[in-house]
K.L.:
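Structure below; questions to follow.
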Amino acid sequence: MAKQLKKEISLTGALSTVMGTVIGAGVFFKAAAVVSQTQSAGLTLFAWLLAGFLTICGGLTVAELATAIPETGGPIKYIEVAYGKMPAFLLGWAQSIIYFPANIAALSIIFATQCLNLFHLEAHYLLPLSLITAVSVTGINLLGTKIAANVQSITLFIKLIPIFLIIIVGLFTPGQVTVSFIDLSIGGDKSWAAGFSAALLATLFAYDGWLNVGNVAGEMKRPEKDLPKAIIVGLSLVTIVYVAINVVFLKTAPVGQIAGNLNAASEVATILFGNIGGKIVTIGILISVYGALNGYTMTGIRVPYALATKDEFPFSKQMKRLSKKTAVPYVAACAQLAIACIMMGIGTFDLLTDMLVFVMWFFSILMFIAVFLLRKRQPEMPRPYKVPLYPIIPMIAILGGGFILVMTTITTPFLVLTGIGITVIGIPVYYYLNRKQS
């Protein structure tokens, strides 16, 4: 009998995976990019709110697919059921080769960079520390799904402490700057549409990762009940945290001090708590990034595994091997780690991630549309959960995704074309694997 993945992930583990993957470096670093685009407190907060709303609509929509098709692999399975094997393979290809490894590489380097700053280490330690960070997280995941999910829960709890300290103390401390929630005008010399769209794109990248919990549906104890709760509650809490901490940033420091300043969070903490505050926030960032890194690692290794179980990925025989004691796809984990380490050496991880944002949102829109298609084609399909306010919520998700595609194409056409090109390389690979099978 074939070895099966263990069903060990509870609601807490799934909720922690959503929040742990989303609340990463974005909550600390993206404020600088958003404020730089808007030059306005009111418009900055509106961008965070709207991004959270669009993400929640997307989460509510995809949750219907996740519970109707609760199999490991998540989005790949949804695309396959709705559109066929090739689009599903292309999504799995893009995620496995670039998306997850690039995020792991980027987060490892961010983690190492913060370590250098905290311990005043020399710059040549950056790459070795980055490699050690990625290896350590993969090692934790190889110890078993239960341990990795527990690490996710622990890091989520610990990293929220400095975030909530900043929020609670910051909200009740008299601000140095008056924040207007009503004034949605833009500062600087940019047009409103250009500035706000760029800010919204930045915030939406900070919300990235919410979809990945669907990858572990096959290992959840009660996916039909727990997965929608994890997505909805997790994203709502993330939105509240993002808006609240940005209110504190904006009322504590002037817009000019935050715009483009990656140390804004530390500087705000220093104003609130004194010199020790900067170190507290740096430790919080370290834990935050490590938790996000663990979330991407845990969900990422399930993508090639899901395709390999049907012999639909290069080296499928090896990729579908599970460890004897812990039933973890260890070859897939090592392959993901190897690609991430190569990206760290090349140093183009941010570029690759930006290119894939367009492709990932393209597939997200396909998933939103799939809810309509499957309701029409397969009305008898068991749906333990249905999208509320159908069809309004899915339409909002589709329009939001469409906005991302259009604006990304206008602002970074070269990256869009490159991202599409890398994904399209998967087509000959798909046909080769099919010919090999036949």
Side-chain angles (χ1 to χ4, degrees), residues 9-31 34 44-63 66-67 149-172 181 200 202-217 220 222-223 225-250 265 281 284-285 287-296 298-299 385 387-388 393 396-397 400:
I9 302 178
S10 63
L11 173 60
T12 304
L15 180 65
S16 300
T17 301
V18 175
M19 296 188 69
T21 303
V22 176
I23 302 180
V27 69
F28 298 105
F29 293 118
K30 279 297 174 182
V34 179
T44 294
L45 295 176
F46 181 61
W48 284 104
L49 271 173
L50 183 58
F53 175 67
L54 291 176
T55 309
I56 290 169
C57 288
L60 288 168
T61 303
V62 174
T67 52
N150 286 340
V151 168
Q152 203 63 33
S153 300
I154 293 167
T155 55
L156 173 66
F157 175 74
I158 295 174
K159 78 181 179 184
L160 288 177
I161 294 174
I163 291 174
F164 283 129
L165 277 175
I166 291 172
I167 290 172
I168 293 168
V169 174
L171 289 177
F172 290 98
F181 294 92
L200 186 59
T203 57
L204 284 166
F205 185 77
Y207 282 97
D208 180 57
W210 59 271
L211 190 61
N212 299 328
V213 71
N215 293 15
V216 293
M220 291 178 66
R222 300 182 306 166
K225 291 184 179 179
D226 289 347
L227 192 55
K229 289 179 185 176
I231 292 172
I232 296 162
V233 174
L235 291 176
S236 297
L237 291 173
V238 168
T239 303
I240 292 169
V241 168
Y242 278 8
V243 171
I245 201 165
N246 275 276
V247 167
V248 173
F249 289 163
L250 292 163
V281 169
I285 290 172
I287 296 170
S288 176
V289 171
Y290 201 83
L293 182 52
N294 183 64
Y296 277 110
M298 183 165 67
T299 54
Y385 159 89
V387 188
I393 296 293
I396 293 172

K.L.:
Taking C-beta and beyond as the side chain, do Thr239 and Thr55 meet within less than 4.5 Å on heavy atoms?
P.N.:
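No - every pair of side-chain heavy atoms lies 4.5 Å or more apart.
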K.L.:
Just jot down the side chain to side chain contact (heavy atoms under 4.5 Å, CB included) partners of Ile161, sequence neighbours excluded, or say none.
P.N.:
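In terms of side chain to side chain contact (heavy atoms under 4.5 Å, CB included), with neighbours along the sequence ignored, Ile161 is linked to Phe157, Leu165.
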K.L.:
With Ile287, which residues qualify under side chain to side chain contact (heavy atoms under 4.5 Å, CB included), at least two apart?
P.N.:
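Thr155, Ile158, Lys159, Ile283.
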K.L.:
Can you give me the closest heavy-atom contact between Pro162 and Gly284, atom names plus distance?
P.N.:
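The answer is CG-CA, 3.6 Å.
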K.L.:
Working to the nearest 0.5 angstrom, can you tell me the gap between Asp208 CG and Tyr296 OH?
P.N.:
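Interatomic distance, Asp208 CG to Tyr296 OH, rounded to 0.5 Å: 3.5 Å.
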K.L.:
Which residues satisfy the ring pair (Phe, Tyr, Trp, His ring centres under 6.0 Å) test with Phe46, sequence neighbours excluded?
P.N.:
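Result, ring pair (Phe, Tyr, Trp, His ring centres under 6.0 Å) vs Phe46: Phe196.
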K.L.:
What's the shortest heavy-atom distance between Ile231 and Gly59, and which atoms?
P.N.:
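Distance-wise, the nearest heavy atoms are CG2-CA, 3.4 Å.
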K.L.:
Once rounded to the nearest 0.5 Å, what's the spacing between atom CG of Leu250 and atom CD1 of Ile245?
P.N.:
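So the CG of Leu250 and the CD1 of Ile245 are separated by 11.0 Å.
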K.L.:
Rounded to the nearest 0.5 Å, how far apart are CG of Leu237 and CD1 of Ile232?
P.N.:
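Leu237 atom CG to Ile232 atom CD1 measures 12.0 Å (nearest 0.5 Å).
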K.L.:
Specify the closest pair of heavy atoms between Cys57 and Ile396, including all atoms of both residues, with the distance to one decimal.
P.N.:
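Result for this residue pair: SG-CG2, 3.7 Å.
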K.L.:
Should Trp48 and Lys30 count as side-chain neighbours, where that means a heavy-atom distance under 4.5 Å?
P.N.:
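With C-beta onward as the side chain, the pair touches.
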K.L.:
What pair of heavy atoms forms the shortest contact from Thr203 to Ala47, and how long is it?
P.N.:
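Looking at all heavy atoms of both residues, the closest pair is OG1-O, 3.6 Å.
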K.L.:
Considering all heavy atoms of both residues, which atom of Gly13 and which atom of Ser153 are nearest to each other, and what is their separation?
P.N.:
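Closest approach of Gly13 to Ser153: CA-OG, 4.3 Å.
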K.L.:
So if I apply the side-chain contact (heavy atoms from CB on, under 4.5 Å) rule between Ile163 and each of Val248, Ile285, Val241, which one comes out positive?
P.N.:
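With Ile163 as partner, side-chain contact (heavy atoms from CB on, under 4.5 Å) holds for just one option, Val241.
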K.L.:
Might you point out which heavy atoms bring Val34 and Ala202 nearest each other, and give the distance in Å?
P.N.:
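Looking at all heavy atoms of both residues, the closest pair is CG2-CB, 3.9 Å.
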K.L.:
Could you give the distance from CZ (Phe249) to CD1 (Ile167), rounded to the nearest 0.5 Å?
P.N.:
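If we round to the nearest 0.5 Å, Phe249:CZ and Ile167:CD1 are 8.5 Å apart.
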K.L.:
Examine distances only and state if a side-chain atom of Tyr207 and a backbone atom of Leu54 form a donor-acceptor pair shorter than 3.5 Å.
P.N.:
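The answer is no, because no donor-acceptor pair under 3.5 Å joins these two groups.
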K.L.:
State the OG1-CD1 distance between Thr61 and Ile56, to the nearest 0.5 angstrom.
P.N.:
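Reported to 0.5 Å precision, the distance equals 11.5 Å.
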